[in-house]
Protein chains: 2
Amino acid sequence: MARKAAAAVTSADVARLAGVSRATVSFVLNNTQAHRVSEATRAKVLAAADTLGYVPHAAARSLRAGRNNLVLIPAAVSAMGRLVSGWTDDLHTELERYGYTAVLHAGRFSDPGTAARAWAELRPGAVLALDGTSLDGAAVNVLRRAGVRALMALAPQPVEGVCTVVFDDRRVGVLAAEHLVAQGRRRIGVVMPRERGLAAFAEPRLAGARSVAARTTATVARVDMEYTHASAAELANGWAERGLDGVFAYNDEYAALLLAVLRDAGVGVPGDVAVVGCDDLVTAALQRPALTTIRLEVPSAARVAAALHDLIETGTAAPLPAVEPVLVRRESA
Amino acid sequence: MARKAAAAVTSADVARLAGVSRATVSFVLNNTQAHRVSEATRAKVLAAADTLGYVPHAAARSLRAGRNNLVLIPAAVSAMGRLVSGWTDDLHTELERYGYTAVLHAGRFSDPGTAARAWAELRPGAVLALDGTSLDGAAVNVLRRAGVRALMALAPQPVEGVCTVVFDDRRVGVLAAEHLVAQGRRRIGVVMPRERGLAAFAEPRLAGARSVAARTTATVARVDMEYTHASAAELANGWAERGLDGVFAYNDEYAALLLAVLRDAGVGVPGDVAVVGCDDLVTAALQRPALTTIRLEVPSAARVAAALHDLIETGTAAPLPAVEPVLVRRESA
DNA sequence: CCGGGTTACTTACACGAGTAACCAAGAAGG
DNA sequence: CCTTCTTGGTTACTCGTGTAAGTAACCCGG
């Protein structure tokens, strides 16, 4: 049908219809306190804006103002567990309360520099990275130079110029491995998802587990796996050869998959092999055997939103508590 | 640390450093074919842009051009199942191939009109709604008037002025109910998630199931449930009173939760009650009993991206195939 | 020495909105 | 009557970018 793109309605159109100047329209629609407008013309303007269906042009506005109310969250949706995705939605509403518009961008760029430049083009007020890697020094430079006021990240350690919520994936690996070792396990496997985008979380966890092995008599083996039935089944069928007696399964979803195929392959859990997951999803407690897992205590969305607001407005914010991993012991390990 | 926000670098800065006019900078950086620039100055400009770390200002650019390369996808992240979230990520990369920047916006607005206006402010080139309700007639009007060129939606039936991928949630309910009835079940429960944002999908499914009941001897009861262990367990404990012999569980995740609590409560599946899920997740086949579910064949992300591109450029696009629900029969029903 | 063509670059304006500075008219005060 | 203040509006400039139109320099044929 492609009706000819009727030129979008601007504040000039509203002004013409209301019979006033464009400035007056702006004063009315923004409730500018510094200028008095008679009740009569105010009504005329509002009526005109309404009948024309006027919507301000965010680009024009932010060009003039030199800032906008965008908060950019670079993150692949499919890489978020249930935990994080719920948290992200909450953050959206919290930020809206402050007048910000949060947007997610899931773009996968080959080059991290390209990614940073793409984000910088939007000139968001803030960038909040949910993985530890995408906000590296170079990216920080690009974003700062583009005038982004607030940078925040979940990262294993503070980055210069970035307000970090410390989240040490390494600690997660340490915690899992320590528990397995404490249960008397010595040959520990760490499941590494093949799905792209997850390596950033998985690698440090593996490293953490390795560090535990280094100071005990245990060994750690890397176990690659895809989140498909076929890949998991193949893994389970060759299980005996690996000779593992403990596994840290990246997260509860991979753990659930693993439990299912191990059961089908006749491998006993926790008898033959102990399994630890991560995230403490609703379903973790309902697995049989009930899944031992690691819960992550993330600072509330409201708190993070407040910190972002402070960061944008004043340039500093009260430090946020770290993400604390806590082992939840059940039956599987 | 709050280093004083060093004014962002503009193309004028680049021009000054390179000793040329701003226009020349623009010609070089955009590879404008219509204008010839000597190799020497081209190099100077590129060098200057590089040392300054220049990044164009998307707002200014789109203001001038009258259009931008944004594709807005309004959708709550937590409401997406694994199926859709993977698809969304793919769509991001496909759209990037055409030069578009896709962004997700998860804002929950009380008023749908407010939502449409918030999207319109960004003046995206396209809006792709993943639920059937958010792009209603009013929203279409607002967006069209704001100059949004392409509107696309997954919706139960074509909406005037919107390129729809027909996805009839009602059909899903019909399919599930028909299967249960064919298995001899007569008292069917439909699990309705209490989580906000899911009603848009759940209600039509319930309606579909009801329509099947209306033309058979079966009855359909609404079963509200939250995605928590507590809520599910409460449901399972009072199961006998409900007297249901078949359940359609909204999706595979709710189904998995339900299977677990029913098992704990000693209710036999499929003996006492047959259970049907939806989405055909990886874990569905691994439940015990293996979950009978409904798979949704969604048009490929590449295809949708191409259609969006056509829609933005030419105003029309070849119609996309509908999302086809297919029953995958396993053990649970 | 002049008109015509190229090449390489610049000047000037437009996009849509916000806002400082200005201005006309009427009221109040002397 | 002349100043000063208030009220209610307007004009003019700005943000950073793209691009149409203009121009200066040079070469060439006649």
Side-chain angles (χ1 to χ4, degrees), chain A residues 5 7-45 48-49 52-69 120-123 125 145-148, chain B residues 5-45 48-49 52-69 117 120-123 125 145-148:
Chain A
V9 28
T10 76
S11 74
D13 298 327
V14 177
R16 206 169 310 128
L17 178 57
V20 300
S21 80
R22 220 176 41 66
T24 304
V25 171
S26 179
F27 292 139
V28 170
L29 295 183
N30 297 319
N31 265 326
T32 309
Q33 300 301 337
H35 269 257
R36 309 205 44 71
V37 176
S38 77
E39 215 40 63
T41 55
R42 172 181 305 271
K44 266 196 304 187
V45 169
L52 289 181
Y54 171 70
V55 176
H57 192 302
R61 180 185 293 213
S62 79
L63 177 59
R64 170 63 228 239
R67 56 182 296 189
N68 65 29
N69 63 344
E121 287 193 12
L122 293 177
R123 299 287 195 281
R145 255 197 285 208
V148 177
Chain B
V9 28
T10 76
S11 73
D13 297 327
V14 177
R16 206 170 308 126
L17 179 58
V20 301
S21 80
R22 220 175 41 65
T24 304
V25 171
S26 178
F27 292 139
V28 169
L29 296 183
N30 297 321
N31 266 326
T32 309
Q33 300 301 341
H35 270 257
R36 311 200 45 72
V37 176
S38 78
E39 215 40 62
T41 55
R42 173 181 304 271
K44 268 195 304 185
V45 168
L52 290 180
Y54 170 71
V55 175
H57 193 303
R61 178 182 290 203
S62 80
L63 177 59
R64 169 63 229 241
R67 55 182 299 190
N68 65 29
N69 62 345
R117 257 176 293 128
E121 286 192 15
L122 293 177
R123 300 287 195 278
R145 254 196 286 207
V148 177

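Just so we're clear, the structure is a prediction, and the values are computed from it rather than from any experiment. Below, chain A is the first sequence line, B the second, and so on; all start at residue 1.
Residues in residues 15-30 of chain B take part in these salt bridge (Lys or Arg N to Asp or Glu O under 4.0 Å) pairs, two or more places apart or across chains: B:D13-B:R16. Sequence neighbours left out, not one pair with a member in residues 57-66 of chain B passes salt bridge (Lys or Arg N to Asp or Glu O under 4.0 Å).
The CD-P distance, from B:E39 to C:dA8, rounds to 10 Å in whole Å. Remark: P of D:dC13 and CG of A:L63 are 18 Å apart, rounded to the nearest angstrom. Rounded to an integer number of Å, the gap from A:L29 CG to C:dG18 C1' is 12 Å. For A:E121 and D:dG16, the CD to P distance is 15 Å, given to the nearest whole Å. Separating the NZ atom of B:K44 from the P atom of C:dA8 is a distance of 13 Å, rounded to the nearest angstrom. Counting to the nearest Å, the P atom of C:dG18 and the CG atom of A:N31 are 12 Å from each other. B:R16 has its CZ atom 12 Å from the P atom of D:dT17, to the nearest Å.
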Output one line per pair: protein atom, nucleotide atom from nucleotides 4-7 of chain D, and distance, for all N/O pairs under 3.5 Å.
none

At a cut-off of 3.5 Å, list every protein nitrogen or oxygen paired with a nitrogen or oxygen from nucleotides 26-28 of chain D, distance to 0.1 Å.
none

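Residue A:V25 is out of contact with every strand shown, counting any heavy-atom pair closer than 4.0 Å.
Closest approach of B:A49 and B:V14 over heavy atoms only: N-CG1, 3.8 Å.
A heavy atom closer than 4.0 Å to some atom of DNA chain D occurs in B:Y54, B:P56, B:H57, B:A60, B:R61, these being the qualifying members of residues 54-62 of chain B.
At the phosphate of C:dT10, OP1 or OP2 sits under 4.0 Å from a side-chain N or O atom of B:S21. A sub-4.0 Å separation between OP1 or OP2 of C:dA17 and a side-chain N or O of A:S11 is present. Here B:T41 reaches the OP1 or OP2 of C:dC9: one of its side-chain N or O atoms lies under 4.0 Å away.
How far CG of B:L122 is from NE2 of A:H57: 10.0 Å, rounded to the nearest 0.5 Å. Here OG of A:S11 is found 11.0 Å from CG of A:L52. Values are rounded to the nearest 0.5 Å.
The terminal axes of the helix from C:dC1-D:dG30 to C:dG30-D:dC1, fitted over 5 pairs per end, subtend an angle of 70° to the nearest 10°.
Residues satisfying the side chain to side chain contact (heavy atoms under 4.5 Å, CB included) test with A:A120, not counting sequence neighbours, are A:V142, A:L143, A:A146, B:V55. Listed by chain and residue number, nothing satisfies the ring pair (Phe, Tyr, Trp, His ring centres under 6.0 Å) test with B:Y54 (two or more places apart in sequence, or in another chain). In this structure B:S38 satisfies the side-chain hydrogen bond (donor to acceptor under 3.5 Å, both in side chains) test together with B:T41, sequence neighbours excluded. Under the side chain to side chain contact (heavy atoms under 4.5 Å, CB included) criterion, A:S26 pairs with A:N30, not counting sequence neighbours. A search for side-chain hydrogen bond (donor to acceptor under 3.5 Å, both in side chains) contacts involving A:T24 returns A:S21, not counting sequence neighbours.
Between the side chain of A:R67 and the backbone N or O of A:R123, no donor-acceptor pair lies under 3.5 Å. A distance-only check finds no donor-acceptor pair linking the side chain of B:T32 to the backbone of B:A34 [under 3.5 Å].
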message = What does the B/S/- profile of nucleotides 19-24 of chain D look like, 5' to 3', with a 4.0 Å heavy-atom cutoff to protein?
response = B-B---
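For the pair B:N31/B:R42, a side-chain contact is recorded, criterion being any heavy-atom separation below 4.5 Å from C-beta on.
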